[in-house]
Amino acid sequence: MISGCRPQAQNLTCLTRALLATTPTSPPPSFVLEANIDVYALCRQRRFHEAFDRGLHLRSLDAARCLHSHLVSSHSNIPTTLFNRLIDLYCKCGRLPDAYRVFSEMPHKDTCSFNTLMAGYSAVGNIAEARRLFDEIPVRDHFSWSSIIACYTRHGSPFESLDLYRRMHQEMRGGFLNCSNKFTASSALAASTAILSYRHGREIHCHIVRAGFESDAVVWSALADMYSKCGSIKHARQVFDLSSDRDVVSWTAMIGRYCDAGMRKEGLKLFSRMMQMGVLPNDFTYACVLDACSELAAEGLGRQVHNHMIRVGFDPSSFAASTILHMYSKCGNIEKAKLIFERMPLPDLVSWTSLISGLAQNGHPTEALHYYELLLESGMKPDHVTFVGVLSACAHGGLIDKGLAIFHSIKEKFKLKHTSDQYSCIVDLLSRAGRFQEVEEIINEMTMKPDKFLWASLLGGCRIHKNINMAKQAAEALLEIEPENAATYVTFANIYASAGMWDEVELIRQTMDHKGVVKKPGSSWIEIRGKVHMFLVGDASHPDAKKIYALLEKLQIKMKELGYVPDMNYVLHDVDEEQKEHTLSYHSEKLAVAFGIIATPSGTIIKVFKNLRICGDCHTAFKFISRIMERMIIVRDSNRFHKFRYGICTCGDYW
DNA sequence: TTAGGGTTAG
């Protein structure tokens, strides 16, 4: 019995009993399962359409077989409609060969018979068979065209799909208005979106408006999708706002579009609006919104979403559940993430990987490896993403031998090919440890071209070990791939600066000016009582700026008493020492931490988020501040978490 | 009786 269908099955028990009671012959054979007794009874009554409805609801192969045997053994003329429904049922149960057998043995096939079988092949991605049937249909109707167009769109052939959309209009000779309907239009729109063709999309939009079938949620959703991907998110929002028939899918899609475009706050605003309108979110909505919370590190809001999910009920093994885990982990609450994981009855590989990567980023490499061992013990096979998490745990923890052993096991034990991400991890691990000779050997052994992530990892390692020669090689390779990336110039310049090579620093600065490369401004933010406060370097725009600066000055004095020496290597330009110290004191992360201290009661954990990597001087300063203020300070930078407590950081200064 | 749109981890 299909467990999900139990309530409906129970509802029908009375009906079943009544039907069987009126049937004078023997009880159903033993192979007829409980859920299918209704189907069996309805067949005996020759109420075939109702039996099909029930079978389709259950998606039951037994029901299909039961109906098949009744139809075949029936001596009267069976209408084509019933055979068509049988084909459909077999298709929906994933039994294409049975569907085909029914189709080929039918005495009279109509267009619907072809359409139904074609949809079956389309659903399993057998494009060739679907097309063969389409070509054989003597008289094609709207269903035939919409099925084949959707088939090509769905299975990655958008050009074919648009070609057929055009051909449909020629062959049906009715002009666009009579041929296109909401099904063909939405599929053709999806095809235009796939090839990012605004022109095609716009043309189809015109057909939709002229033909007047725009009041349909799917058409609107496809339109908004096309505009957001080929035109602009603003147009997409206009379409969304104008649509009269919005369902949970179109709301979710619009929220997702904002998140994809990096406009996460807009996405979250729309989510609140959706809730106000009484639209019930589904797993996709939760996944979208929780992901936005993760990126914004808005744990407060994430927790509200989680609580809502608990109230309405959700499947703890669904992908939405793994997104909750990810959200807590990305917000620096790894304990809660672990709790969510432990409560999962059957964690999937995504959840395992998410926890392992989360532990690695949150500074618990040994625990990450412990969960990796548990994953192996569970019998689940790790995939290439799991290995990225495990290798990054080794890299962050300085576990070099373990990392190397796991890296080699990917090929030898798990018989998988190394991916470029895994190469980046191993280069990260080795170059952080200063083992540049081995890095060179690995790069030479690679079967693929090293990508930007690998070179960026190497450049980062060179910064730690002041390896100027290797840094030059990495920076040149990196700039060849990404000539506009300011981070490369800045890191490279910082390496020169730390070696006191100011002429070279100046040369890099001039190159940046010449090429018009602008350094991405560092920004940090902190969530206080549900409100996000954002800071830039030297920012005085915050209402509490005076208090923030006064506190930082006081802290500066106390830190120096305890032995803090500002690290000038993190200032790009060759300005005088006093000026450099001044710039360092007001980095965005320092402003955010100071505001956190002011705005929360003593003892509260301060959680700050930065869009770039934390600066080395701020890292040192926060160790002192955590001691002076007796507070735990958590900083999530673009790379990982740093937890400062009692004057030390969980990263062990290994970052 | 048959057809269309949204998806999680580094």
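The basis for the numbers below is simple: all heavy atoms, side chains too, and nothing from hydrogens, waters or symmetry mates. On a predicted model such as this, the values are computed, not experimentally measured, just so you know. So that the names make sense, note that chain A is the first sequence line, chain B the second, and so on, each numbered from 1.
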A:F183 over B:dA3, stacked by centroid distance under 5.5 Å, angle under 30°: yes

Stacking here means centres under 5.5 Å and planes under 30°; does A:F284 stack on B:dT7? no

Let's see if you get this right: which residues in residues 106-127 of chain A place a heavy atom under 4.0 Å from DNA chain B? A:C112, A:N115, A:T116, A:A119

Can you tell which of A:W455, A:F387, A:F453, A:F407 makes a ring-ring contact (aromatic ring centres under 6.0 Å, His included) with A:Y423? A:F407

Could you point out which residue of A:Y152, A:W145, A:F114, A:Y121 forms a ring-ring contact (aromatic ring centres under 6.0 Å, His included) with A:F134? A:W145

Please state how far atom [atom1] in [X] lies from atom [atom2] in [N], giving the value in whole angstrom units.
| X | N | atom1 | atom2 | value |
| --- | --- | --- | --- | --- |
| A:L189 | B:dG6 | CG | P | 12 Å |
| A:D283 | B:dT8 | CG | C1' | 10 Å |
| A:L349 | B:dG10 | CG | P | 13 Å |
| A:M344 | B:dT8 | CE | P | 15 Å |
| A:K182 | B:dA3 | NZ | C1' | 11 Å |
| A:F52 | B:dT2 | CZ | C1' | 13 Å |
| A:M327 | B:dG10 | CE | P | 14 Å |
| A:R636 | B:dG10 | CZ | C1' | 13 Å |

CA sep, side-chain torsions, deciding dist, call: A:T116, A:N84, side-chain hydrogen bond (donor to acceptor under 3.5 Å, both in side chains): CA-CA 7 Å; A:T116 310; A:N84 290 347; 5.4 Å; no

What's the closest nucleotide to the side chain of [X] if the choices are [options]?
| X | options | result |
| --- | --- | --- |
| A:A217 | B:dG4, B:dG5, B:dA3 | B:dG5 |
| A:H326 | B:dG5, B:dG10, B:dG4 | B:dG10 |
| A:V385 | B:dG6, B:dT2, B:dA9 | B:dA9 |
| A:D141 | B:dT8, B:dG10, B:dT2 | B:dT2 |
| A:F143 | B:dT2, B:dA9, B:dG4 | B:dT2 |

Pick base, sugar-phosphate or nothing for [X], based on heavy-atom distances below 4.0 Å to the nucleic acid.
| X | answer |
| --- | --- |
| A:T81 | base |
| A:D216 | base |
| A:H384 | base |
| A:S322 | base |
| A:A224 | nothing |
| A:V248 | nothing |
| A:D383 | base |
| A:D421 | base |
| A:A222 | nothing |
| A:D53 | nothing |
| A:R257 | nothing |

For A:D421 and A:S424, test the side chains for any donor-to-acceptor distance below 3.5 angstrom and give the result as yes or no. no

Would you please say whether a donor-acceptor pair under 3.5 Å links the side chains of A:S232 and A:H235? yes

Using only heavy-atom distances, decide whether a donor-acceptor pair under 3.5 angstrom links the side-chain of [X] to the base of [N].
| X | N | answer |
| --- | --- | --- |
| A:S354 | B:dA9 | no |
| A:N181 | B:dG4 | no |
| A:S357 | B:dG10 | no |

Residue A:R132 excluded, over 12 heavy atoms near CZ under 6.0 Å: yes

Passes ring-ring contact (aromatic ring centres under 6.0 Å, His included), A:F319 versus A:F284? Steps please. CA-CA 9 Å; A:F319 69 73; A:F284 294 107; 5.3 Å; yes

Just how far is it from atom OG of A:S197 to atom CD1 of A:I204, taken to the nearest 0.5 Å? 8.0 Å

Can you check whether [X] has a side-chain N or O nearer than 4.0 Å to OP1 or OP2 of [N]?
| X | N | answer |
| --- | --- | --- |
| A:K330 | B:dT8 | no |
| A:R85 | B:dT2 | no |
| A:H142 | B:dT2 | no |

Pair A:D163, A:R167 - check salt bridge (charged side-chain N to carboxylate O under 4.0 Å, His left out), show working. CA-CA 6 Å; A:D163 256 7; A:R167 220 184 99 190; over 6 Å; no

A:Y90: partners by ring pair (Phe, Tyr, Trp, His ring centres under 6.0 Å), with sequence neighbours left out: A:H68

